[in-house]
Chemist: 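Have a look at this one.
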Amino acid sequence: MEAEGLDWLLVPLHQLVSWGAAGAMVFGGVVPYIPQYRDIRRAQNAEGFSTYVCLVLLVANILRILFWFGRHFESPLLWQSIVMILTMLLMLKLCTEVRVTNELNVKRRFFAASRWCSCGPVVTPSRRPTSC
């Protein structure tokens, strides 16, 4: 008799735990990338992050989605793959932007530095040579 009296509490509690577990499964794989994304954005340096990890995770999640079309599995795993693909694409976008920006800055500094020697400006058509 007591079990029937607690059904009003146990059924919603079971539903809540089930939704919480599904949410943890979907977004649990993304959580470690949040601090990494913030660090790369703050420091504007993607040297410690391997884009090969993104490649492997993209391929694995795309294959999981393709497998889902052949044999359906739990929907939280499908959503996990979709969220992970979006996360990896965001990480790749950030890394490429940061690396391109850093390479352009290095090229600009190299170009600016190549116009000057240790003793003064280098000879250009509009300037007279300097003596070193």
Chemist: If you define the side chain from C-beta out and look only at heavy atoms, does anything of Trp68 sit under 4.5 Å from Ser81?
Modeler: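 Result no, sub-4.5 Å side-chain heavy-atom pair not found.
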Chemist: Might you point out which heavy atoms bring Phe27 and Val31 nearest each other, and give the distance in Å?
Modeler: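 It is O-CG2, 3.2 Å.
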Chemist: What is the distance from atom CD of Glu47 to atom SG of Cys95, rounded to the nearest 0.5 Å?
Modeler: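 With rounding to 0.5 Å, CD (Glu47) is 10.0 Å from SG (Cys95).
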Chemist: Verify the cluster assignment for Leu78 and Phe69: are they in a single hydrophobic cluster under the rule of side-chain heavy atoms below 4.5 Å apart?
Modeler: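 Leu78 and Phe69: one cluster.
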Chemist: Side-chain contact test, heavy atoms from C-beta onward, threshold under 4.5 Å: evaluate it for Thr87 versus Leu57 and give yes or no.
Modeler: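 A side-chain contact under 4.5 Å is absent here.
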Chemist: Quick check: is Trp8 connected to Val17 through a chain of hydrophobic side chains (ILVMFWY, heavy atoms under 4.5 Å apart)?
Modeler: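 No; tracing contacts between hydrophobic side chains, which count when under 4.5 Å, never links both residues.
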Chemist: side-chain contact (heavy atoms from CB on, under 4.5 Å) between Val26 and Leu77: does it pass, once the steps are laid out?
Modeler: CA-CA 7 Å; Val26 170; Leu77 291 175; over 6 Å; no
Chemist: Count the heavy atoms of every other residue, nucleotide or ligand shown that sit under 6.0 Å from CD of Gln36, and state whether that count exceeds 12.
Modeler: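 Correct, the count exceeds 12.
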Chemist: Going by the angle between their ring planes, with limits at 30° and 60°, are Phe67 and Phe73 parallel, tilted or perpendicular?
Modeler: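 Parallel, since the angle between the ring planes stays under 30°.
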Chemist: Please give me the minimum heavy-atom distance between Gly28 and Pro32, naming the atom from each residue.
Modeler: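 Taking Gly28 first and Pro32 second, the nearest heavy atoms are O-CD, 3.6 Å.
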Chemist: Given the rule in the side-chain contact (heavy atoms from CB on, under 4.5 Å) test, do Val53 and Met91 qualify, once you have shown the distances and angles that lead to the verdict?
Modeler: CA-CA 10 Å; Val53 172; Met91 289 298 290; over 6 Å; no
Chemist: With distance as the sole test, does Asn102 use its side chain to make a donor-acceptor pair with the main-chain N or O of Gln44 at under 3.5 Å?
Modeler: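 Answer holds: yes.
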Chemist: Heavy atoms, side chains only, cut-off 4.5 Å: are Glu97 and Lys93 in contact?
Modeler: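 Yes; the side chains approach each other to less than 4.5 Å.
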Chemist: Are Leu58 and Leu92 side-chain neighbours, meaning at least one heavy-atom pair lies under 4.5 Å?
Modeler: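 Yes. Closest side-chain heavy atoms under 4.5 Å.
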Chemist: Under a 4.5 Å cut-off applied to non-hydrogen side-chain atoms, are Val59 and Leu63 in contact?
Modeler: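 A side-chain contact exists here, since the closest heavy-atom pair is under 4.5 Å.
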Chemist: Indicate the atoms forming the closest heavy-atom contact of Gln80 with Met25, along with that distance.
Modeler: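 Smallest heavy-atom distance, with atoms named: NE2-O, 3.1 Å.
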Chemist: Would you check if Leu94 and Leu90 make a side-chain contact, meaning some heavy-atom pair closer than 4.5 Å?
Modeler: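 The answer is no; the side chains never approach within 4.5 Å.
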Chemist: Taking it one step at a time, do Tyr33 and Met88 satisfy side-chain contact (heavy atoms from CB on, under 4.5 Å)?
Modeler: CA-CA 9 Å; Tyr33 292 100; Met88 290 302 108; 3.5 Å; yes
Chemist: Salt bridge check, Arg99 against Glu103: does any charged N sit closer than 4.0 Å to a carboxylate O?
Modeler: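 No salt bridge links Glu103 with Arg99.
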Chemist: Show the numbers, then the answer: is there a side-chain contact (heavy atoms from CB on, under 4.5 Å) between Ile40 and Asn45?
Modeler: CA-CA 5 Å; Ile40 292 171; Asn45 185 5; over 6 Å; no
Chemist: Would a hydrophobic clustering, with Ile, Leu, Val, Met, Phe, Trp and Tyr connected at side-chain separations under 4.5 Å, put Leu89 with Leu66?
Modeler: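 In one cluster with Leu89: Leu66, yes.
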Chemist: Other than Trp19, what residues sit in its cluster of Ile, Leu, Val, Met, Phe, Trp and Tyr side chains whose heavy atoms are under 4.5 Å apart, directly or through others?
Modeler: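 Joined to Trp19, directly or through intermediates: none.
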Chemist: Counting distance only, does the side-chain N/O of Ser18 pair as donor-acceptor with the main-chain N or O of His14 below 3.5 Å?
Modeler: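 The answer is no, because no donor-acceptor pair under 3.5 Å joins these two groups.
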Chemist: Would you say Ile34 ends up clustered with Val83 if hydrophobic residues are merged whenever their side chains have heavy atoms under 4.5 Å apart, either directly or through other cluster members?
Modeler: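 No, because Val83 and Ile34 fall into different hydrophobic clusters, even though each may have its own neighbours under 4.5 Å.
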Chemist: Which distance, rounded to the nearest 0.5 Å, do you find between the CD1 of Ile82 and the CD1 of Ile62?
Modeler: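 Going from the CD1 atom of Ile82 to the CD1 atom of Ile62 covers 11.5 Å.
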